[in-house]
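Both backbone and side-chain heavy atoms feed into the values below; hydrogens, waters and symmetry mates do not. Labels below follow one simple rule: chain letters A, B, ... track the order of the sequence lines, proteins then strands, and each chain is numbered from 1.
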Number of protein chains: 2
Amino acid sequence: MTRTRLTAEERQAQLIAAAVTAFSQSGYAGTTTDQVARLAGVSQPYVIRLFRTKQELFLAAVQHAGDRIEAKWREAAERDPSLGGLGDAYGELLAQPELVTMLLHGFAAAGDPAIGDPVRACFGRLYEVVRELTGATATEARDFFAVGMLLTCLGAMRVLGPDAVPPQPWSADLLGTFEGLDKKMS
Amino acid sequence: MTRTRLTAEERQAQLIAAAVTAFSQSGYAGTTTDQVARLAGVSQPYVIRLFRTKQELFLAAVQHAGDRIEAKWREAAERDPSLGGLGDAYGELLAQPELVTMLLHGFAAAGDPAIGDPVRACFGRLYEVVRELTGATATEARDFFAVGMLLTCLGAMRVLGPDAVPPQPWSADLLGTFEGLDKKMS
DNA sequence: CACGTTAGTTATCGACTGATAACCTGTCAA
DNA sequence: TTGACAGGTTATCAGTCGATAACTAACGTG
């Protein structure tokens, strides 16, 4: 078994992907740099070497999640530049909720100013991108993000998505309101 | 300085209040049982003695937040049993976002099944209470909670509430859509 | 006033975790 | 060949944190 040697850039990209997976499950404080390292198949000190601190690794993961969501929306807008089109794209993201849950953990950790500032910038950019792509009014965009946040929370709660728990009366009731909106729900 | 001696019940109630304050700032993994203990003016081992584990303390705090929010809604419904009435009540809660942020951290920590189950039960109960109190349809209740989740996330992000950061163009734009809905925003 | 019960503390431990330092090794150009 | 740089590891530490054990002190009651 020869250890595959990658460039620092490639390794960083791989580690950021691993960080998104790990942090989206247990959040900032609940995730170990060693867990991220093992996911990528490298040693824990090397993770620190490449990102300096756990915090910078976390911020890189938040940034990556924001970038991927923005890219998804831009791609969707090329076919259907309406809120409905972006909503469908968001529904597809929720089938693999890593990215959106990562963002939620960014919100949750925003109490620390060093994390809050980049997280707000990331969310603000997403808001502006949606308005720019769809031409929606502020109120329309607000309702769009409102539903998005609800779905994101439901995903984190395991009411929704691949790791969803058996439905309860209330959750079936609530999810039923999204009929015709979910395309690729597992 | 004579240490005030309380009954276990009173001390538990006091500790739960302290736990809500502490956990709502740093989340489950990011908060120390010692921080909760200091907030209540007791020793850390005594917190563990009263709640057995950190996890049970956290769950008690989540439960308490859910109960308080439910009580607030029931009280509001006596005056105005409409979604608008409950929405105003929620707006008042956001002025002191401890309770709602506590709940958000419950969602974030729901990846652990031992936490997820009670958290889902808590949220499900709130959903049913809203529908029962207002007679709203599932879709109306969904939109109500959607906006609530957005506001909760914005509070956690310090876009909203007492610890809010200076507004950005996008946040002013977004918050502007709530004009006429915010009564007691600080 | 003795005495059991309840409230609370101090001391301490074992496990964990982020970070540092020192070292190793494959690759490539001269 | 050699040597230097970039990728990566092992060893290790200092601090932290949840939890346990043993002890102390106040209260109420017969």
Side-chain angles (χ1 to χ4, degrees), chain A residues 1-62 105-106 109 111-112 114-115, chain B residues 1-62 105-106 108-109 111-115:
Chain A
M1 175 204 172
T2 341
R3 285 245 182 275
T4 42
R5 240 173 103 108
L6 303 182
T7 68
E9 255 184 49
E10 289 170 328
R11 196 58 92 180
Q12 277 181 6
Q14 183 194 13
L15 276 169
I16 287 175
V20 168
T21 300
F23 283 127
S24 70
Q25 284 173 19
S26 315
Y28 176 56
T31 302
T32 300
T33 55
D34 189 62
Q35 291 173 327
V36 176
R38 284 177 196 281
L39 264 182
V42 298
S43 65
Q44 176 265 334
Y46 192 44
V47 176
I48 297 297
R49 176 110 119 202
L50 287 181
F51 290 89
R52 299 181 42 85
T53 64
K54 180 188 182 181
Q55 194 174 86
E56 289 190 32
L57 173 63
F58 182 77
L59 291 177
V62 169
H105 281 293
D112 180 344
I115 295 182
Chain B
M1 174 204 175
T2 339
R3 284 243 182 276
T4 42
R5 234 175 108 105
L6 303 182
T7 68
E9 256 185 48
E10 289 169 328
R11 196 59 91 179
Q12 277 182 5
Q14 182 194 13
L15 276 168
I16 288 175
V20 167
T21 300
F23 282 127
S24 70
Q25 284 174 19
S26 316
Y28 176 56
T31 302
T32 301
T33 56
D34 190 61
Q35 291 173 326
V36 177
R38 284 177 197 281
L39 264 184
V42 299
S43 65
Q44 177 265 336
Y46 192 45
V47 175
I48 297 297
R49 170 168 283 197
L50 288 181
F51 291 89
R52 300 184 44 85
T53 64
K54 179 188 183 182
Q55 195 176 84
E56 290 191 33
L57 173 63
F58 182 76
L59 290 177
V62 169
H105 281 292
D112 180 343
I115 295 181

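The nucleotide whose nearest atom lies closest to any side-chain atom of B:Lys54 is, among C:dG8, C:dG18, D:dA19, D:dA19. Closest to the A:Thr32 side chain, of the nucleotides C:dG8, C:dT17, D:dG7, is C:dT17. Considering only side-chain atoms of B:Val42, the nucleotide from D:dT9, C:dT9, C:dT17 that sits closest is C:dT9. With D:dG18, C:dC23, C:dT10 as the candidates, the nucleotide lying closest to the side chain of B:Pro45 is C:dT10.
One atom, CD of A:Gln12, and another, C1' of D:dG7, lie 12 Å apart when rounded to the nearest Å. Distance B:Phe58 CZ to D:dG18 P: 13 Å, rounded to the nearest Å. At whole-Å resolution of the value, CG in A:Leu50 and C1' in C:dT20 are 15 Å apart. Rounded to whole angstrom, the span from the CD1 atom of A:Ile48 across to the P atom of C:dA22 amounts to 18 Å. B:Glu9 has its CD atom 13 Å from the P atom of C:dT6, to the nearest Å. D:dG7 atom C1' lies 17 Å from atom CD of A:Gln44, rounded to whole Å. Here D:dG7 presents its P atom at 13 Å from CG of A:Leu15, a figure rounded to the nearest Å. For the pair A:Phe51 CZ and D:dG7 C1', the interatomic distance rounds to 14 Å; values are reported in whole Å.
The base of C:dG8 does not come close enough to the side chain of B:Arg11 for any donor and acceptor atom to sit less than 3.5 Å apart. The base of C:dT6 sits within donor-acceptor range of the side chain of B:Arg5, with an N or O pair under 3.5 Å.
Considering CG of B:Leu39 and CG of B:Asp34, their distance stands at 10.0 Å, rounded to 0.5 Å.
Contact annotation: B:Thr33 reaches the phosphate of D:dG18 (side-chain N/O to OP1 or OP2, under 4.0 Å).
Only one option out of A:Val36, A:Thr33, A:Val20 pairs with A:Leu15 in a side chain to side chain contact (heavy atoms under 4.5 Å, CB included); it is A:Val36.
The aromatic rings of B:Phe23 and B:Phe58 sit perpendicular to each other, their planes meeting at more than 60°, with 30° as the lower class boundary.
Mapped onto DNA chain C by nearest heavy atom, A:Asp34 and B:Arg49 fall at different nucleotides, with B:Arg49 at the one closer to the 5' end.
Side chain of B:Glu56 to main chain of B:Thr53: no donor-acceptor pair is present (N/O by atom type, distance under 3.5 Å, no hydrogens or angles).
Counting heavy atoms from C-beta outward, B:Gln55 and B:Ile115 have side chains that approach closer than 4.5 Å.
Residue A:Ser43 is classed as a base contact, given a heavy-atom separation below 4.0 Å to a base.
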